[in-house]
Amino acid sequence: MADEVDSAFVEKFLVAWDKHDVDGILDMMTDDIVFESSFGSEQCGKRFSGKAEARKAIERVYATFPQTRFEDPRWGVVGDRGFAEWTMSHVDASGQRVAVRGCDLFIFKSGKVSRKDSYRKNRV
């Protein structure tokens, strides 16, 4: 079925994140995307609804961590749900490379990501 998402779709989505391809990421999301980030004061982190808000959230990630890489990905798809595990690495203010493990939980609709719920370790 053309609306189904498969493992190759998730891999392409993860590659777009690693390449900092904001437009490519947004093209793979529904117009009514709900992106719950791993940061923020809300119970869900911070919720961004719709593509305009999702763009701001994604751009914020890359502005905050300009050298961010998403490495060692693993992912899977079951029906309209999926997941991805990854290592997010970046260079901090002192020039040290910092890496944290994280994951995303996805809901797919009409062949795109309609919900992205992100979690990552917080190193203090």
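For the numbers below, each heavy atom of this structure counts, side chains included, while hydrogens, waters and symmetry mates do not.
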- [ ] Following the transitive rule for hydrophobic clusters with a side-chain heavy-atom cut-off under 4.5 Å over Ile, Leu, Val, Met, Phe, Trp and Tyr, establish whether F83 and F35 coincide in one cluster.
- [x]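 Different hydrophobic clusters.
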Open item on the list: Quick check on the hydrophobic clustering: are Y119 and F106 connected, directly or via other members, by side-chain heavy-atom contacts under 4.5 Å?
Closed with: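 Y119 and F106: separate clusters.
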What are the two closest non-hydrogen atoms of [X] and [Y], and how far apart are they?
{"X": "A54", "Y": "F48", "value": "N-CB, 4.2 Å"}
{"X": "A16", "Y": "G24", "value": "CB-C, 4.4 Å"}
{"X": "Q67", "Y": "R97", "value": "O-NH2, 3.9 Å"}
{"X": "G82", "Y": "F108", "value": "N-CE1, 3.6 Å"}
{"X": "W75", "Y": "S7", "value": "NE1-OG, 2.7 Å"}

Aromatic plane relationship, [Y] with [X] - under 30° parallel, 30 to 60° tilted, over 60° perpendicular:
{"X": "F70", "Y": "W86", "value": "perpendicular"}
{"X": "F9", "Y": "F13", "value": "parallel"}
{"X": "H20", "Y": "Y62", "value": "parallel"}

Would you say that [X] contacts [Y] through its side chain, given a criterion of any heavy-atom pair below 4.5 Å between the two side chains?
{"X": "L105", "Y": "R81", "result": "no"}
{"X": "I58", "Y": "W17", "result": "yes"}
{"X": "D23", "Y": "R55", "result": "yes"}
{"X": "I33", "Y": "K51", "result": "yes"}
{"X": "M29", "Y": "K112", "result": "no"}

Open item on the list: Whether the side chain of S114 engages the backbone of I107 through a donor-acceptor N/O pair (distance < 3.5 Å, no angle test) should be reported.
Closed with: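 Yes: the side chain of S114 pairs with the backbone of I107.
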Task: E53 side chain to S49 backbone, donor-acceptor under 3.5 Å - done: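 Yes; judged by distance alone, with no hydrogens or angles, the pair exists.
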I need the [X] [atom1] to [Y] [atom2] distance, nearest 0.5 Å.
{"X": "H90", "Y": "R69", "atom1": "NE2", "atom2": "CZ", "value": "14.0 Å"}
{"X": "D18", "Y": "S89", "atom1": "CG", "atom2": "OG", "value": "8.5 Å"}
{"X": "R120", "Y": "C103", "atom1": "CZ", "atom2": "SG", "value": "12.0 Å"}
{"X": "T87", "Y": "E71", "atom1": "OG1", "atom2": "CD", "value": "6.5 Å"}
{"X": "R74", "Y": "E85", "atom1": "CZ", "atom2": "CD", "value": "4.5 Å"}
{"X": "L14", "Y": "M28", "atom1": "CG", "atom2": "CE", "value": "8.5 Å"}

TODO: Evaluate side chain to side chain contact (heavy atoms under 4.5 Å, CB included) for V10 paired with V5, printing each intermediate quantity in order.
DONE: CA-CA 8 Å; V10 177; V5 167; 4.3 Å; yes
Open item on the list: Looking at R101, I want to see if its CZ is surrounded by more than 12 non-hydrogen atoms of other residues, nucleotides or ligands under 6.0 Å.
Closed with: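 More than 12 heavy atoms, drawn from other residues, nucleotides or ligands, come within 6.0 Å of this atom.
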Task: Derivation and outcome, side chain to side chain contact (heavy atoms under 4.5 Å, CB included), residues D80 and K109 - done: CA-CA 7 Å; D80 68 346; K109 180 174 73 176; over 6 Å; no
